[in-house]
Amino acid sequence: MTPWLADDRRSVSDRKYGRWRGLPTYYRAQLEMSLGIYLAYRAQVVGWLAGSLIQPLVLIPAWQTTTGDGQIGGYSQGLFVTYFVVETLVTFLTLNFVVIEFGARVQHGYFSQVLLRPVHPIHHDICTVVAYRIVGAVVMVPSLLLLTVVFGADTSALSMSGLVAFLPAVLLASLMRFVLEWMVGCLAFWFVRTSALNAAYYSMMLLLSGSLMPLSVLPQWAQSGAAATPFPWMVAFPVEVAMGTRTGAQVWMGLGWQVVWTCVIVLLLPLVWKHAARRHSAVGG
Amino acid sequence: MIGREGIVVDGMSKTYRVPVRDAGLSAAFRSVVRRAKRTVSAVDNVSFTISPGEVVGFIGPNGAGKTTTLKLLTGLLEPSAGTARVNGHIPWRRSPEYLGTLALIAGQRSQLQWDLPVVDSFALNKAIYRIGDGDFATRVRELTELLDLGDLMNRPSRNLSLGERMKCEFAASLLHAPQLLFLDEPTIGLDLETQRRIREFVVEFNSRQGSTVMLTSHYMADVEAMCKRVILIHQGRILFDGQLRELTSRFAAGKSVRAELGRVDADREGELRRLFAEHEYHLVGNQVQISVPAGLVAAVTNRLLTNFDVVDLTVTEPDLESVIEAAFAHSESRSNG
């Protein structure tokens with residue numbers, strides 16, 4: 001063995017770790033690794049995706065039966081199918097497992113190794129999310145096409161302008177949901193056992209985001225209440241944009257709310273993380 | 001080269017507030033309304049200095065504060081009081097520049113990706129620590145050779161034995177040539193051959209790279225093989241900080257005289273009892289072992305040689321375990337008044 005430190009002028013003590021320096025290289029390597037993990041457990045990925053298809057498989061017939069030949073909240077049978085197909089796509093594009101994983105990491109002390117790296121752990125999670133989308137798309141896209149055909153979706157509501165507006169809406173929704181859930185995940189440092197917290201968060205998400213039903217079927221007061229929370233901006237809004245329910249100024253206003261929520265969370269996140277990382281001491285590992 | 005000041009710890013303490021309650025269901029219900037807590041001191045006002053390139057054994061029983069100290073120095077924990085500077089950095093600020101200079105290898109934790117070939121974990125560390133292609137290739141080759149990794153590199157970590165995984169763990173952790181190496185029970189659960197190999201490797205790595213090494217271990221063979229200096233910690237406080245040989249001379253009660261006697265009958269046994277009544281001795285067959293205070297070795301040896309038919313005779317230092325036990329016993333008797 002040659003003495004690395006003595007020979008290497010770019011030795012470890014002189015290596016620079018700027019906030020962004022070297023991140024592209026790290027992202028490429030971590031993304032490769034995360035893809036490798038998902039590909040090593042193909043059955044698990046298929047299982048998760050199959051699980052996410054159960055919801056539309058149950059909700060579509062239920063709402064079709066309820067609607068009959070009429071309309072509820074402006075949705076006919078065919079529009080309900082379109083809604084839940086797009087909603088499943090949006091959920092796939094925004095979903096992450098950060099809240100659940102934080103609990104396990106903190107409880108079992110997995111965070112120690114990650115905290116020792118000179119790279120913020122959020123970058124690891126971003127790569128994991130991207131890898132999930134890449135691997136999952138192979139199963140999700142054909143499944144959604146199948147749902148569209150089998151249940152007879154009314155695709156007349158989908159327009160090119162709606163789909164163009166859908167892209168930034170779903171991207172912002174994905175970013176907003178990721179940073180929000182990373183912040184919620186940090187609460188695991190205080191609570192340690194997070195199953196109750198997770199249950200509360202996912203219940204709110206289910207009820208207020210538009211995952212169980214289009215928000216227009218709710219009474220006006222419930223719609224107003226939901227709009228004051230971040231949840232509809234992460235699911236219902238991109239779906240409504242794609243379906244042309246929101247157009248023109250409504251789209252710009254919605255994108256604005258997404259940006260505001262995301263900025264607020266991004267500003268709060270370092271503060272929460274700083275205190276959360278200090279709490280790491282209390283839970284050991 | 002910057003940042004090679006070593007480790008300077010000054011009055012560092014770490015306390016935890018932990019919930020406590022009595023046993024039983026009623027106590028569980030009471031704790032819902034009124035949660036009692038008490039303060040536990042894991043590390044209590046410790047101070048020490050470690051020079052760059054030193055290898056120091058950090059020894060103590062379970063719960064003594066060894067791992068807490070390592071966590072404080074690696075920045076995983078923030079102290080309740082006191083300060084520490086490591087190579088010019090405050091560890092718990094966790095600056096990337098500091099984290100990039102250290103490695104923590106814990107026998108019971110793995111940084112290798114469980115599901116993927118070891119070589120993939122190496123590639124990730126290359127990106128994390130920004131190791132150049134040339135350096136990476138050289139280091140992988142040398143570490144593979146030195147640790148005899150061979151075909152382990154292409155196997156998923158989950159398919160490796162504990163010893164194989166530990167060797168890969170060392171290689172992965174050292175790819176970035178850390179200046180600071182924290183080893184927390186690195187040989188725990190390993191077979192004797194792998195333990196020996198790991199010890200030799202750490203000694204080799206330290207002598208070639210000049211990295212500072214802090215080691216905790218319950219295996220005294222680790223400490224004896226790797227460390228000239230030891231810090232003894234007990235109940236969060238430092239009992240001893242010095243050279244290993246000083247530890248023996250300070251806490252060892254004496255030496256051990258072992259003799260193989262030519263013939264042992266009832267008369268000879270009676271003679272042994274008479275001559276060595278004031279010493280602790282054990283007779284098994286014709287082998288006798290006598291514990292002797294340091295200043296009386298010559299007298300006891302002379303008495304044996306004069307009065308018995310001695311076939312073989314050796315004088316040995318007490319083993320490190322006994323010395324450390326004596327040190328802890330000494331500390332407890334002092335603290336109990």
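No experiment lies behind these values; they were computed from the predicted model shown. Just so we're on the same page: letters track the sequence lines, and every chain starts at 1.
If you measure heavy-atom distances from B/L104 to chain A, the contacts under 4.5 Å come from both the backbone and the side chain. Proximity to chain B is limited to the side chain of A/Y41, based on heavy atoms less than 4.5 angstrom apart. At a 4.5 Å heavy-atom cutoff, the contact between B/S121 and chain A is made by backbone and side-chain atoms alike.
Within a 6.0 Å radius of CZ in B/R93, no more than 12 heavy atoms belonging to other residues, nucleotides or ligands are found. Within 6.0 Å of the CD atom in B/E145, the count of heavy atoms belonging to other residues, nucleotides or ligands does not exceed 12.
Atom CG of A/L39 is separated from atom CG of B/L116 by 9.5 Å, given to the nearest 0.5 angstrom. With values rounded to the nearest 0.5 angstrom, A/L116 atom CG is found 11.0 Å from B/I105 atom CD1. Of the inter-residue distances, the one linking A/Q30 atom CD with B/L124 atom CG reads 5.0 Å to the nearest 0.5 angstrom. B/E78 CD to A/R278 CZ: the interatomic distance, rounded to the nearest 0.5 Å, is 4.5 Å. One distance of note links CG of A/L115 with CZ of B/R94; it measures 4.5 Å at 0.5 Å rounding.
You'll find the side chain of B/P96 stays beyond 4.5 Å of the side chain of A/V119, heavy atoms only.
Contact count against chain B (heavy-atom pairs under 4.5 Å) is highest for A/R117 among A/R117, A/H120, A/K274.
Closest heavy-atom contact between A/Y26 and B/A127: CA-CB, 3.9 Å. In plain terms, the two heavy atoms of B/A123 and A/A29 that are nearest each other are O-CB, 4.4 Å.
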